[in-house]
There are 2 protein chains.
Amino acid sequence: MAQIVNHADVDRSLADLEHASELEDLQAVIIKLRDTYCIDHLVYHWVNSQGDQYGCGTYAPAWVDRYIEKDYLRIDPVVLGCYQRFHPVDWKRLDWSSKAARSFRREAIEFGVGNQGFSIPIRGPNGQYALFTASHNCSDTDWDEFTKTNRRPLILLAHFFNQKALEFEPDRLPEASRALSPRETDAMTFLAMGLNRAQAADTMAISEHTLRVYIESARFKLGAINTTHAVARAMSRGLIVV
Amino acid sequence: MAQIVNHADVDRSLADLEHASELEDLQAVIIKLRDTYCIDHLVYHWVNSQGDQYGCGTYAPAWVDRYIEKDYLRIDPVVLGCYQRFHPVDWKRLDWSSKAARSFRREAIEFGVGNQGFSIPIRGPNGQYALFTASHNCSDTDWDEFTKTNRRPLILLAHFFNQKALEFEPDRLPEASRALSPRETDAMTFLAMGLNRAQAADTMAISEHTLRVYIESARFKLGAINTTHAVARAMSRGLIVV
DNA sequence: TGGCCCCTCCCTATTTTTGGGGAGTTGTTT
DNA sequence: AAACAACTCCCCAAAAATAGGGAGGGGCCA
């Protein structure tokens with residue numbers, strides 16, 4: 001188990017990362033970092049809402065293939081468990097109670113992933129979601145020691161890595177759509193909060209008829225075919241925040 | 001304009017940040033950092049889907065009060081513009097074309113915010129959204145020079161700061177919102193896409209009655225009071241992506 | 001000044017959604 | 001074996017949303 005990390009090596013790897021000019025370079029950096037930390041694996045895995053995914057790291061290619069083939073993204077308790085967290089999490093603290101999760105874990109260990117892991121969730125707009133994971137095969141106490149010591153550098157590394165990976169992603173701009181007027185925005189917001197038209201109209205201190213006009217003009221501007229659609233579009237375009 | 005940054009001071013501030021044990025400590029750190037970078041302002045601003053917000057930074061208290069009072073969160077092109085991005089962005093590149101945006105900007109400058117700014121968006125689960133912003137009053141070329149030089153340290157700082165701020169937030173969720181079942185997720189997704197119940201049922205190849213059961217159970221799980229609310233919540237919690 | 005957009009109010013009908021209820025199958029977890 | 005969750009189907013009556021139409025006042029911009 002790695003207790004001593006050569007920080008100069010980490011710095012060197014970060015410098016390499018800094019100068020990475022294509023996705024492939026990241027792979028080399030992550031291998032070096034894995035060696036520096038003397039752990040079994042270090043992995044960066046990125047998914048977006050279109051189902052595109054990109055990963056680099058030190059897992060066995062056979063495991064990666066199997067993971068994709070079996071669509072383990074939908075079972076993996078690490079992915080699911082981190083999805084709703086903002087804090088890094090030790091795999092021990094995740095929910096392995098379901099049968100699917102346990103058999104997934106058994107298989108992962110067979111492929112050399114390791115029995116211990118520490119994952120850092122990172123998020124982007126529109127459901128983009130990345131995980132930076134360190135994994136290893138060792139006792140609970142050794143692993144706790146490792147994560148306690150290296151928690152913060154790993155977090156920094158995760159964000160550094162993510163930032164670099166995103167440089168190779170185009171910054172997809174929001175679709176051009178006419179902005180909503182203030183009242184339309186209010187209307188969409190209150191509807192998204194669950195008020196019905198009468199309540200929203202009351203809250204906005206206007207008649208329900210007037211509110212309807214706003215909803216319809218918002219629907220028109222957003223190219224939506226009903227209120228729910230309009231609210232969904234307003235949200236996904238960031239026009240309202242709920 | 002600040003061209004020379006004392007990195008030892010930055011490191012010292014980071015060490016302080018490391019040892020921050022309450023939210024108030026962050027305020028002291030951000031002031032030091034602002035001074036180190038010799039810019040007018042450095043601000044961390046955090047919002048979640050419940051409308052809770054927390055900020056620390058160096059803006060004039062009068063501006064912060066005005067911002068909250070006027071609900072500028074819904075107008076501010078920085079907030080809205082960053083909402084859909086994952087890359088840090090220079091304020092110059094945002095959309096200031098609307099009248100509301102321009103008058104907002106005018107007012108912000110009056111309150112000493114500065115004519116230049118650089119904001120880094122950071123996201124968490126459930127619609128949590130934070131901005132780490134540096135702002136200053138200077139020429140475009142000076143500011144471009146500054147952001148070019150300090151882009152990466154600022155990004156690291158942003159995530160460091162965010163990580164620390166989140167330590168004071170409870171990592172809520174386990175059963176706060178139970179995951180939706182696959183069919184419920186489908187139902188929410190099709191409704192968010194604008195289909196009505198008949199169309200969604202048709203698309204899912206089930207009866208409309210069955211679809212209704214999914215919608216109602218999803219609504220129950222999400223604690224939503226109607227369909228639009230349920231879709232909005234599912235979206236803001238990242239359970240569906242449209 | 002004329003055009004355009006925003007804000008406000010009103011009508012009638014029709015379609016859609018909602019809020020209750022109930023019932024059976026399959027599968028997994030304990 | 002029993003409990004639970006997910007998936008499927010059905011009825012009814014009441015509430016809400018929708019699709020058309022129309023009208024006037026105010027502000028901004030060219």
Side-chain angles (χ1 to χ4, degrees), chain A residues 74-75 77 80 95-105 177-188 190-232 239, chain B residues 74-75 96-103 106 175 177-232 239:
Chain A
R74 306 201 179 283
I75 293 168
L80 299 178
D95 176 23
W96 297 95
S97 62
S98 84
K99 198 185 151 191
R102 281 196 305 271
S103 81
F104 166 79
R105 182 178 153 86
S177 66
R178 268 192 307 164
L180 298 179
S181 77
R183 295 302 257 174
E184 288 160 356
T185 306
D186 291 346
M188 290 294 105
F190 290 127
L191 294 174
M193 286 165 51
L195 305 193
N196 63 25
R197 299 202 301 197
Q199 294 168 323
D202 201 47
T203 307
M204 291 170 66
I206 54 176
S207 77
E208 193 179 328
H209 309 284
T210 304
L211 177 71
R212 254 187 52 197
V213 178
Y214 294 140
I215 298 172
E216 281 179 31
S217 66
R219 215 169 51 211
F220 177 74
K221 287 181 181 175
L222 294 165
I225 63 188
N226 58 40
T227 301
T228 300
H229 193 198
V231 168
L239 301 175
Chain B
R74 307 199 181 282
I75 294 169
W96 298 94
S97 63
S98 84
K99 197 192 149 193
R102 281 196 305 273
S103 80
R106 208 176 309 116
E175 65 283 314
S177 74
R178 279 155 60 208
L180 298 180
S181 78
R183 295 302 258 175
E184 287 159 357
T185 306
D186 291 345
M188 290 294 104
T189 304
F190 289 127
L191 293 175
M193 286 165 52
L195 305 194
N196 63 24
R197 297 202 304 198
Q199 293 168 323
D202 201 47
T203 307
M204 291 169 67
I206 55 177
S207 76
E208 192 181 326
H209 308 285
T210 304
L211 177 72
R212 255 187 55 193
V213 178
Y214 294 139
I215 298 173
E216 281 180 33
S217 66
R219 216 171 48 212
F220 177 74
K221 287 180 181 176
L222 295 164
I225 61 186
N226 58 42
T227 301
T228 301
H229 192 198
V231 168
L239 302 175

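Sequence lines set the chain letters: A, B, ... in the order given, protein chains first and strands last, and positions in each chain run from 1. Keep in mind that this is a model prediction, so the values were computed, not measured.
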Closest listed nucleotide, where the reference is the side chain of Asn196(A) and the choices are dC7(D), dA17(D), dT16(C): dA17(D)
d(CD, Glu184(B); P, dA5(D)) in whole Å: 12 Å
Closest-nucleotide ordering on DNA chain D, the 5'-leading residue of Arg102(B) and Leu195(A): Leu195(A)
Trp96(B) six-ring face occupied by Arg102(B) cation (under 6.0 Å, within 45°): no
For atom CG of Asp186(A) and atom P of dC6(C), their distance in whole Å: 14 Å
Test log, rule side-chain contact (heavy atoms from CB on, under 4.5 Å), inputs Lys221(A) and Leu180(A): CA-CA 7 Å; Lys221(A) 287 181 181 175; Leu180(A) 298 179; 4.0 Å; yes
d(CD, Gln199(A); C1', dA15(D)) in whole Å: 12 Å
Sugar-phosphate only, base, or nothing, as touched by Leu191(A) at under 4.0 Å among non-hydrogen atoms: nothing
Glu216(A)/Arg212(A) salt bridge by N-O under 4.0 Å criterion: yes
Rounded distance in Å - CD1 (Ile225(B)) to C1' (dG19(C)): 14 Å
Min side-chain heavy-atom separation Leu195(A)-Asp202(A) under 4.5 Å: no
Under 4.0 angstrom between Thr227(A) side-chain N/O and dT18(D) OP1 or OP2: yes
Whole-Å distance separating the CZ atom of Arg197(A) from the C1' atom of dT18(D): 7 Å
Test item: Ile206(A) and Arg183(A) side chains (from C-beta on) under 4.5 Å apart, heavy atoms: yes
Ile225(B) versus Gly194(A), closest heavy-atom pair with distance: CD1-O, 3.0 Å
Distance, rounded to the nearest Å, where His229(A) contributes NE2 and dA17(D) contributes P: 18 Å
Below 4.0 Å: OP1/OP2 of dC6(C) and any side-chain N or O of Lys221(A): yes
Letter per nucleotide, 5' to 3', of nucleotides 8-13 of chain D [B base touched, S only sugar-phosphate touched, - untouched; heavy atoms, 4.0 Å]: BBBBB-
Nucleotide dA17(D), atom P - distance to CZ of Arg219(A) in whole Å: 12 Å
Nucleotide dG21(C), atom C1' - distance to CD of Glu216(B) in whole Å: 11 Å
Validation row: Phe190(B), Met204(B) side chains within 4.5 angstrom (heavy atoms): yes
